[in-house]
Amino acid sequence: MGTFFGDTSVSTQPACTPATIHHYFSAESWIEGAALDQLDRMARLPGVRSIAAFPDLHPGKYGATGVALLSDRLHPLLVGNDIGCGMSLFELDLPLRKLKLDRAASRLRRFDALAVDDAAGRLDGVGLPGDLFADALGTIGGGNHFCELQAVESLSSPVSGIGRQGLYLLVHSGSRGFGAAVLSDSLSAEPDLMSGLDASSPAGLHWLGRHDQCVAWASLNRILIAEKAASALGADCRLVTDVPHNLVRRSEKGYVHHKGAAAVDPGTIAPLAGSRATLSYIVRATEKVAGSLGGISHGAGRKYDRATMHGRVGRTRSERDDLLRNAWGGIAICDDRALVIEEAPSAYKDAGRVVADLVAAGLVESLAAMRPLVTYKKAVDEEGRARRPDKPDHRQTGRRKHDRY
DNA sequence: ATGTCC
């Protein structure tokens with residue numbers, strides 16, 4: 001399966017008028033040329049009417065990430081494999097003054113491996129089959145996914161559910177193997193998926209139905225991750241806001257595809273993630289998001305791709321250790337050496353710059369800045385295996401998949 | 001992104 005943008009067959013199709021591309025970023029936000037090229041290609045895909053591009057725009061596998069795209073055909077490739085991926089913010093019933101950072105970090109070190117209590121019942125509770133990828137439910141996954149303990153660094157305006165003395169969990173995760181299976185099934189059934197699907201065709205209806213399940217699954221997944229993390233800390237958590245950024249929303253105008261663009265409505269409170277060593281933000285969408293197809297940025301956006309990061313940072317053990325601490329005394333938990341490098345804070349743009357562009361465009365008001373205290377990425381056990389609950393290990397032979405610390 | 005290609 002090649003990536004679509006290497007295929008010239010579509011760009012030479014009889015030209016319909018390319019969709020309008022709206023840029024919601026300023027000259028101060030550096031945008032990679034490859035991402036702008038991808039936007040031009042996306043604007044020529046069948047059925048695409050208009051595109052909103054946000055300041056965290058960066059190149060992706062099948063198209064640029066950081067966009068909302070209105071189309072009258074469905075484009076599963078533009079949503080990608082992690083259907084339903086999003087950011088959820090939770091408030092802990094544990095005050096900041098009671099936090100012992102080192103103890104919290106050691107408790108969180110084990111939390112991802114905790115089993116979910118009554119996964120089948122929880123799936124059933126949101127209208128999903130009780131056996132739907134139940135083993136993966138409540139797990140964070142890899143790549144840029146995380147669960148982060150945060151405190152308020154500054155509060156620009158009062159927000160219900162957010163206070164200076166509180167502690168918060170920001171969870172970034174998606175639909176794990178489920179979304180990946182949905183995309184791969186669609187690719188097998190329709191090799192020319194780059195042309196999109198008629199939404200009323202059997203394949204289109206099938207993808208939409210599975211998509212809706214992924215969105216519900218991913219949302220539940222973030223809740224269960226937070227519940228497990230809260231429980232590891234001896235606390236309860238309350239959902240403040242849940243905002244997906246990989247999905248399709250139906251509108252009267254067509255299908256709005258979100259790829260790494262938070263799906264909001266006027267008034268939605270949305271997290272905008274920085275990195276494990278920089279501030280994240282809480283913003284509120286304004287009325288003007290109707291003009292940006294209901295999209296805003298969900299994070300800082302990548303500045304360097306994963307491959308480029310190798311060699312740039314983390315050459316020595318001590319450099320890698322430094323990558324796991326931040327200026328506020330915060331700690332990142334990541335036993336996977338490659339992930340430490342690929343997700344280094346310097347791989348990301350400045351989330352503050354992203355917020356400033358969105359504010360300047362009138363799309364959001366900034367409510368709060370949040371500092372990272374403990375960022376959970378991945379832990380491995382003594383044998384170098386990822387911590388997974390109730391999973392027999394089939395990888396005992398050969399060398400370890402991940403280097404340990 | 002992915003119980004990720006063996």
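Below, all heavy atoms of this structure are taken into account, side chains as well, without hydrogens, waters or symmetry copies. Below, chains carry the letters A, B, ... as their sequence lines are ordered, and counting in each starts from 1.
Classification of A/Lys228 and A/Asp117 as a salt-bridged pair fails, no side-chain N sitting under 4.0 Å from a carboxylate O.
Atom P of nucleotide B/dG3 and atom CD1 of A/Ile140 are separated by 14 Å, given to the nearest angstrom. The interatomic distance linking A/Leu247 (CG) with B/dA1 (C1') rounds to 15 Å, in whole Å. In this structure, A/Trp217 atom CH2 and B/dA1 atom P are separated by 15 Å, rounded to whole Å. Atom C1' of nucleotide B/dT2 and atom CG of A/Asp135 are separated by 15 Å, given to the nearest angstrom. Between the P atom of B/dT2 and the CG atom of A/Asp82 lies a distance of 6 Å, rounded to the nearest Å. The distance between atom NZ of A/Lys378 and atom C1' of B/dG3, rounded to the nearest whole Å, is 12 Å. As rounded to whole Å, 14 Å separates atom C1' of B/dT2 from atom CG of A/Asn221. For the pair A/Leu132 CG and B/dG3 P, the interatomic distance rounds to 13 Å; values are reported in whole Å.
Between A/Asn144 and the phosphate of B/dA1, there is a side-chain N or O to OP1/OP2 separation shorter than 4.0 Å. Close to B/dA1, at under 4.0 Å from its OP1 or OP2, lies a side-chain N or O of A/Arg306. Dashed line: the shortest gap from a side-chain N or O of A/Arg176 to OP1 or OP2 of B/dA1 is not under 4.0 Å.
None of A/Ser195, A/Ser200, A/Ser201 except one satisfies the side chain to side chain donor-acceptor pair (under 3.5 Å) rule with A/Asp198; the exception is A/Ser200. With A/Glu343 as the partner, the side chain to side chain donor-acceptor pair (under 3.5 Å) test is satisfied by one option alone out of A/Arg306, A/Lys378, A/Arg276: A/Arg306.
Nucleic acid contact class of A/Gly143 (heavy atoms, under 4.0 Å, all strands): sugar-phosphate only. Among the heavy atoms of the strands, none lies under 4.0 Å from A/Gly174. Nucleic acid contact class of A/Gly179 (heavy atoms, under 4.0 Å, all strands): none.
Here salt bridge (Lys or Arg N to Asp or Glu O under 4.0 Å) pairs that include residues 256-265 of chain A, with residues two or more places apart or in two chains, are A/Arg249-A/Asp265.
Residues that satisfy the side-chain contact (heavy atoms from CB on, under 4.5 Å) test with A/Asp350, not counting sequence neighbours, are A/Arg353.
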